[in-house]
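Have a look at the structure below, then the notes.
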Amino acid sequence: MQAFDLESWQGLGKTYKHGRHDIFYADRGGGEALVLIHGFPTASWDWHKQWLELTARYRCIAPDMIGFGFSSKPRFHDYRIMDQADLHEGLLQKLGVERYHILAHDYGDTVAQELLARDIERRDQGDSGRTQSVCFLNGGLFPETHHARAIQKLLLGPFGWIIVRLLKEKSFRQNIRGVFGPNTQPSDAELKVFWALASRNKGTRIYHKLIRYMEDRRTHRERWVGALENSPVPLRVIDGMADPVSGAHMVARYKQLVPNPDVVPLDCGHWPQIEAPDEVLSAVLEFLPDQRGQRA
């Protein structure tokens with residue numbers, strides 16, 4: 001499986017305007033559209049190990065959300081999940097994409113839940129719908145099962161604006177390692193890329209604002225969990241069960257609440273697409289329809 005270094009990944013990208021801000025995105029391949037939504041605190045590079053195989057089969061669209069990666073990181077922006085969902089809808093409208101599948105991870109799971117909730121509302125109003133399926137990787141689908149790390153709680157607290165000034169590469173690496181599986185730890189090169197994406201354009205200085213997604217999950221819990229419970233399209237969860245944040249305990253809750261739960265458990269941690277790339281690719285391709293529109 002071919003991997004991309006950060007420079008090569010950046011070379012794939014284009015930009016579009018979300019309001020006044022530049023948003024980086026990669027857009028490759030043909031056929032049905034697959035929107036890849038990354039997590040916190042990294043960027044679309046997270047999908048690089050699956051990229052060539054997926055773009056051989058689908059039109060893959062992978063933006064860096066505002067505040068992340070190669071996109072703008074305005075200091076005074078109101079970073080909210082609703083705005084990130086607007087960003088995706090604006091990009092897809094610009095690209096002329098009316099229907100799409102979603103592959104999401106972590107923070108991106110919550111954005112996908114909002115996109116699904118909007119689509120349910122459209123269908124209730126007689127629209128045929130835009131979202132065709134959603135595949136979730138480890139994320140806080142249920143606020144009651146999200147086991148926030150100590151650093152996340154500190155960032156969300158009243159002194160988060162001070163904590164971001166103290167965040168250095170060494171502590172960043174330690175926190176990332178802590179959510180990987182014990183047998184699937186990130187390489188030094190991967191940690192270097194994670195830090196480069198996070199710290200680019202002083203990105204860590206806004207972490208206390210980006211982390212508000214945890215508040216959003218509590219505020220909109222009924223809407224976003226309801227989207228899972230009442231989804232009109234196929235859903236799949238691919239989960240690294242060793243993840244201390246959203247691993248086996250999250251899967252147990254998913255099976256309690258979601259009808260006919262489709263879950264693929266993996267022996268890894270929070271970043272399955274990095275830790276178990278081949279297994280993730282196989283599970284995604286098994287779930288998605290082939291180019292004739294038939295589910296594999």
Side-chain angles (χ1 to χ4, degrees), residues 1-15 22-28 35-55 60-73 84 103-109 111 137-139 149 151-152 155 164 167-207 210-211 213 238 240 242-243 245-246 266 268-281 284:
M1 180 171 290
Q2 182 174 335
F4 287 77
D5 61 32
L6 198 52
E7 183 178 359
S8 298
W9 185 259
Q10 186 178 14
L12 295 175
K14 305 174 184 178
T15 59
D22 290 328
I23 302 301
F24 170 94
Y25 70 98
D27 177 11
R28 291 287 191 279
V35 181
L36 298 94
I37 311 180
H38 67 80
F40 176 93
T42 48
S44 59
W45 179 85
D46 287 3
W47 307 109
H48 74 284
K49 292 185 178 181
Q50 293 82 27
W51 186 251
L52 291 181
E53 293 290 342
L54 289 176
T55 56
C60 294
I61 301 162
D64 286 358
M65 287 180 274
I66 189 167
F68 295 89
F70 295 114
S71 290
S72 295
K73 300 176 180 179
Q84 303 287 17
L103 174 59
H105 173 237
D106 184 67
Y107 181 102
D109 284 7
V111 177
L137 274 61
N138 294 58
R149 306 291 283 178
I151 184 63
Q152 292 176 309
L155 287 170
V164 296
L167 186 60
K168 305 299 181 183
E169 184 173 1
K170 181 179 179 180
S171 59
F172 177 89
R173 285 174 170 241
Q174 290 174 341
N175 282 299
I176 294 295
R177 286 194 188 100
V179 298
F180 271 64
N183 301 316
T184 52
Q185 284 287 294
S187 67
D188 185 71
E190 287 167 342
L191 288 168
K192 184 177 180 180
V193 170
F194 280 175
W195 174 250
L197 289 165
S199 61
R200 182 181 174 85
N201 294 333
K202 300 180 180 179
T204 56
R205 70 182 179 181
I206 59 170
Y207 272 18
L210 287 173
I211 204 70
Y213 71 87
I238 303 170
D243 176 12
V245 178
S246 52
L266 298 178
C268 64
H270 186 72
W271 259 277
Q273 69 272 51
I274 300 294
E275 299 175 63
D278 293 324
E279 292 89 337
V280 167
L281 179 62
V284 170

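The figures here come from the full heavy-atom set of this structure, side chains too, leaving out hydrogens, waters and symmetry mates.
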For this session: Quick one: do Trp45 and Asp5 satisfy side-chain contact (heavy atoms from CB on, under 4.5 Å)? Show the steps, please.
Result: CA-CA 9 Å; Trp45 179 85; Asp5 61 32; 5.9 Å; no

Exercise. What do the steps show when you test Ile176 against Trp195 for side-chain contact (heavy atoms from CB on, under 4.5 Å), and what is the final call?
Worked result: CA-CA 10 Å; Ile176 294 295; Trp195 174 250; over 6 Å; no

Problem set entry | ring-ring contact (aromatic ring centres under 6.0 Å, His included) between His270 and Phe180, intermediate numbers included | CA-CA 5 Å; His270 186 72; Phe180 271 64; 8.4 Å; no

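Aromatic ring centres of Trp51 and His48: separated by at least 6.0 Å.
Aromatic ring pairs are classed by plane angle as parallel below 30°, tilted from 30° to 60° and perpendicular above 60°; the pair Phe70 and Phe24 is tilted. The aromatic rings of Phe40 and Tyr213 sit tilted, their planes meeting at an angle between 30° and 60°.
For the pair Gln185 and Glu275, the minimum side-chain heavy-atom distance is 4.5 Å or more. Annotation: side chain of Asp46 is in contact with side chain of Phe194 (closest heavy-atom distance under 4.5 Å). Taking 4.5 Å as the limit, every side-chain heavy atom of Ser71 sits out of range of all side-chain heavy atoms of Met65. The closest side-chain heavy-atom distance from Asp64 to Ile23 is not below 4.5 Å. Trp47 places none of its side-chain heavy atoms less than 4.5 Å from the side chain of Ile274.
Among Asn138, Val179, Leu137, Asp106, the single residue meeting the side chain to side chain contact (heavy atoms under 4.5 Å, CB included) criterion with Trp271 is Val179. Just one of Val35, Leu36, Asp27 meets the side chain to side chain contact (heavy atoms under 4.5 Å, CB included) condition when paired with Cys60; it is Leu36.
Rounded to the nearest 0.5 angstrom, Thr55 OG1 and Ile61 CD1 are separated by 12.0 Å. The structure places CG of Asp243 at 8.5 Å from SG of Cys268, a figure rounded to the nearest 0.5 Å. In this structure, the separation between CG on Leu191 and NZ on Lys170 is 14.0 Å, given to the nearest 0.5 Å. To the nearest 0.5 Å, atoms CZ (Phe68) and OG1 (Thr42) are separated by 8.0 Å. Rounded to the nearest 0.5 Å, atoms CG (Asp22) and NZ (Lys73) are 13.0 Å apart. We find the CG-CD distance between Leu197 and Gln10 to be 9.5 Å, quoted to the nearest 0.5 Å.
Using modelled atom types, no side-chain atom of Asn201 and backbone atom of Gly203 make a donor-acceptor pair closer than 3.5 Å. Judged by distance alone, with hydrogens and angles left aside, the side-chain atoms of Ser8 form no donor-acceptor pair with the main-chain N or O of Phe4 at under 3.5 Å. In this structure a side-chain-to-backbone donor-acceptor pair under 3.5 Å is missing from Arg205 to Val164. With hydrogens and angles disregarded, no donor-acceptor distance shorter than 3.5 Å links the side chain of Lys49 to the backbone of Ala276. The closest donor-acceptor contact from the side chain of Ser199 to the backbone of Lys202 lies at 3.5 Å or more, if one exists at all.
Electrostatic pairing of Asp188 and Arg173 counts as a salt bridge here, judged by a charged N lying under 4.0 Å from a carboxylate O.
Closest of all the heavy-atom pairs between Gly181 and Ala242 is CA-CB, 4.4 Å. Shown here for Ile66 and Leu210, the closest heavy-atom pair between the two residues is O-CD2, 4.1 Å. Closest non-hydrogen pair, Gly69 versus Ala43, comes out as CA-CB, 3.6 Å. Among all heavy-atom pairs drawn from Leu266 and Pro272, the shortest one is CD1-CB, 4.2 Å. Summarising the geometry of Gly108 relative to Ile37, their closest heavy-atom pair is CA-CG2, 3.4 Å, with the distance given to 0.1 Å. Closest of all the heavy-atom pairs between Leu281 and Gln50 is CB-CG, 4.1 Å.
Between the side chains of Gln152 and Tyr207, no donor N or O sits under 3.5 Å from an acceptor N or O. When only modelled atom types and interatomic distance are considered, Ser44 and Trp9 share a side-chain donor-acceptor pair under 3.5 Å. Side chain to side chain, Gln84 and Tyr107 meet the donor-acceptor criterion of an N or O pair below 3.5 Å.
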